[in-house]
Amino acid sequence: MRRVDRFAPIAVVAAVLATGCGIRPDAAPRDIPIEDRSLPASPISAAGVSGGDARIYLLTPTEPRQVRSVTRSTGTRDDLLAALVAGPTEGELSLPLSSALPAELEVLSTRSVGSVLYVDLSSAIAELSGSGLTLAVAQIVFTATDIAGVDAVQLTVDGQRFPWPRPDGATTTGLLRP
């Protein structure tokens, strides 16, 4: 075997490795788009508390407060959102888990378009502000996006767009994602 033929496979492998590592650094700093800056609101525990096959998200008492999934037996997405609005069961209250959602809150309607779930809420949600509103929105968005086929949520209040808080401190009237 000729010497060139013996080294040809090694040369090919070296060339592939060299070109595969050809990511060039940026010549100058660049801004990251705002929609790519946010981090997840908080860690989520997948441990269920109640029996069932779907999950809702409630709040833990730790500081800072975090969302935690608990399972529910439900038939439809409307049943699941109704279970979220109803709040923690007695067993979950003893853990202690809670909800930032107002007791008067109602889900007026839901509809899916592609992977987006549109949820219209009663005006009780608009009475919240600050971290209470942020936590309430997180509970709704985490619960809704846990539904199979839902990647984003569009929330409205009595059919109108509302400025919802994002984890990065900004607000949006657009789609919400975990």
- Message: Taking E92 first and then R72, would you say they form a salt bridge - that is, a charged N and a carboxylate O separated by under 4.0 Å?
- Response: yes
Using a 3.5 Å cut-off and no angle test, enumerate the donor-acceptor pairs between side-chain atoms of residues 127-137 and protein atoms at least two apart in sequence or in another chain.
| unit_1 | atom_1 | unit_2 | atom_2 | d |
| --- | --- | --- | --- | --- |
| T134 | OG1 | G130 | O | 3.2 |

Got a list of side-chain donor-acceptor pairs under 3.5 Å for residues 171-178, not counting sequence neighbours?
| unit_1 | atom_1 | unit_2 | atom_2 | d |
| --- | --- | --- | --- | --- |
| T172 | OG1 | G174 | N | 2.9 |

- Query: Is it true that W164 and V116 fall in one hydrophobic cluster, defined by side-chain heavy atoms closer than 4.5 Å?
  - Reply: no
- Rounding to 0.5 Å, atoms OG1 (T60) and CG (L95) come to a distance of 11.0 Å
- Item | Sequence-distant partners of D151, side chain to side chain contact (heavy atoms under 4.5 Å, CB included), two or more places apart | S115
- For the residue pair A54 and L80, what are the closest heavy atoms and their distance? CB-CD1, 3.7 Å
- Considering non-hydrogen atoms only, spot the tightest contact between A83 and I56 and give its length. O-CD1, 4.0 Å
- Quick one: list whatever passes side chain to side chain contact (heavy atoms under 4.5 Å, CB included) with S98, sequence neighbours left out. L59, R65
- Query: Would you find a donor on one side and an acceptor on the other, under 3.5 Å apart, between the side chain of D120 and the backbone of D158?
  - Reply: yes
- Kindly give the heavy-atom pair with the smallest separation between L155 and V153, and that separation in Å. CD2-CG1, 3.6 Å
- Are L101 and I125 close enough that some pair of their side-chain heavy atoms sits under 4.5 Å apart? yes
- Looking only at heavy atoms, the pair that brings Y57 and T143 closest together is N-OG1, 3.1 Å
- Nearest heavy-atom approach of A126 to V157 is CB-CG1, 4.5 Å
Contacts table for residues 103-114: side-chain donor-acceptor under 3.5 angstrom, sequence neighbours left out:
| unit_1 | atom_1 | unit_2 | atom_2 | d |
| --- | --- | --- | --- | --- |
| T110 | OG1 | R77 | NE | 3.1 |
| T110 | OG1 | D78 | OD1 | 2.3 |
| S112 | OG | R77 | NH1 | 2.9 |

- Message: With a 4.5 Å cut-off on side-chain heavy-atom distances among I, L, V, M, F, W and Y, is there a chain of contacts connecting Y118 to L121?
- Response: no
- Note on the structure: Residues passing the side chain to side chain donor-acceptor pair (under 3.5 Å) test with Q139, sequence neighbours excluded, are S99
- What heavy-atom pair brings P96 and P61 nearest, and what distance separates the two atoms? O-CD, 3.1 Å
